Amino acid sequence: LPSWKIRTAVEPDLAHVLALWKTAGSSATAGETPGGLAGLLAHDPNALLVADLDGIVIGSLIVGWDGWRGSFYRLAVHPKHRRRGVAISLLRSGEQRLRDLNASRLTAIVLDEDSVAMSFWGALGYERQRHRARFVRHADAKSSHFPLDLR
Ligand SMILES: CC(C)(COP(=O)(O)OP(=O)(O)OC[C@H]1O[C@@H](n2cnc3c(N)ncnc32)[C@H](O)[C@@H]1OP(=O)(O)O)[C@@H](O)C(=O)NCCC(=O)NCCS
């Protein structure tokens, strides 16, 4: 049996999760602040899973459900604890949560050049989608608004 347990993150975990992301070398994205993570939990208290080894956060996964699709973000495992199945445990727990919510399609965004992450998702039964592009728009950094008068 694994010596870690997968549980839902609570507020005191958030600083540890942010530190883990730095140590794990996962690519920085928007919302990666204590306030951003607190906002996630305020929106959905079950959205952030952590792998807990004797009270230390060694892994994380955001499990998003918007009523339409299930989405995984920020899968990360501390470098000292890799290749022991921590990420598999996180993902299987996240899948269980989404199954309970009746999600029928689960997705993850992976960087093209990240061969480790590519191997992970491929090994876990996820297929790379072809012929699709992702369009992204970022809020203005100062106002947090999306200006509407672009044209
Ligand atoms: C990707 C990551 C989360 C995997 O965590 P992990 O706990 O070591 O993964 P697991 O032990 O559960 O591995 C499960 C399977 O994934 C694949 N895998 C994991 N790491 C791999 C590696 N370095 N090279 C090739 N395949 C790998 C293997 O198939 C592995 O099964 P195996 O060990 O029986 O061969 C971890 O390497 C990490 O945090 N990387 C940095 C952040 C990142 O890239 N996150 C993914 C964003 S999409």
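When a ligand or atom number is given, it counts from 1 through the structure's own listing order. Below, all heavy atoms of this structure are taken into account, side chains as well, without hydrogens, waters or symmetry copies. Being a predicted model, the structure only gives us computed values, none of them experimental.
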*What do we get for Arg74 next to ligand 1 when only non-hydrogen atoms under 4.0 Å count, side chain, backbone, both or neither?*
neither
*asked:* Any heavy atom of Phe72 closer to ligand 1 than 4.0 angstrom?
replied: no
*Under a heavy-atom criterion of less than 4.0 Å, does Gly25 contact ligand 1?*
no
*Under 4.0 Å from a heavy atom of Leu75: give me the atoms of ligand 1 that qualify, with their elements.*
3 (C), 42 (C), 43 (C), 45 (N), 46 (C), 47 (C)
*Check each atom of ligand 1 against the heavy atoms of Trp121 and keep those under 4.0 Å away; list them by number with element.*
48 (S)
*Decide whether the shortest distance between a heavy atom of Gly85 and an atom of ligand 1 is less than 4.0 Å.*
yes
*Which is it for Leu111 and ligand 1 at heavy atoms under 4.0 Å: side chain, backbone, both or neither?*
neither
*Arg128 NZ/CZ over Trp121 ring centroid, <6.0 Å and within 45° of normal*: no
*Hey, is Arg97 close enough to Asp44 for a salt bridge, meaning N to O under 4.0 Å?*
yes
*asked:* Applying a heavy-atom cut-off of 4.0 Å, say which part of Ala87 lies close to ligand 1: side chain, backbone, both or neither.
replied: both
*Would you find a donor on one side and an acceptor on the other, under 3.5 Å apart, between the side chain of Arg69 and the backbone of Ala103?*
no
*asked:* With rounding to the nearest 0.5 angstrom, report the NZ to CD distance, Lys22 to Glu32.
replied: 7.5 Å
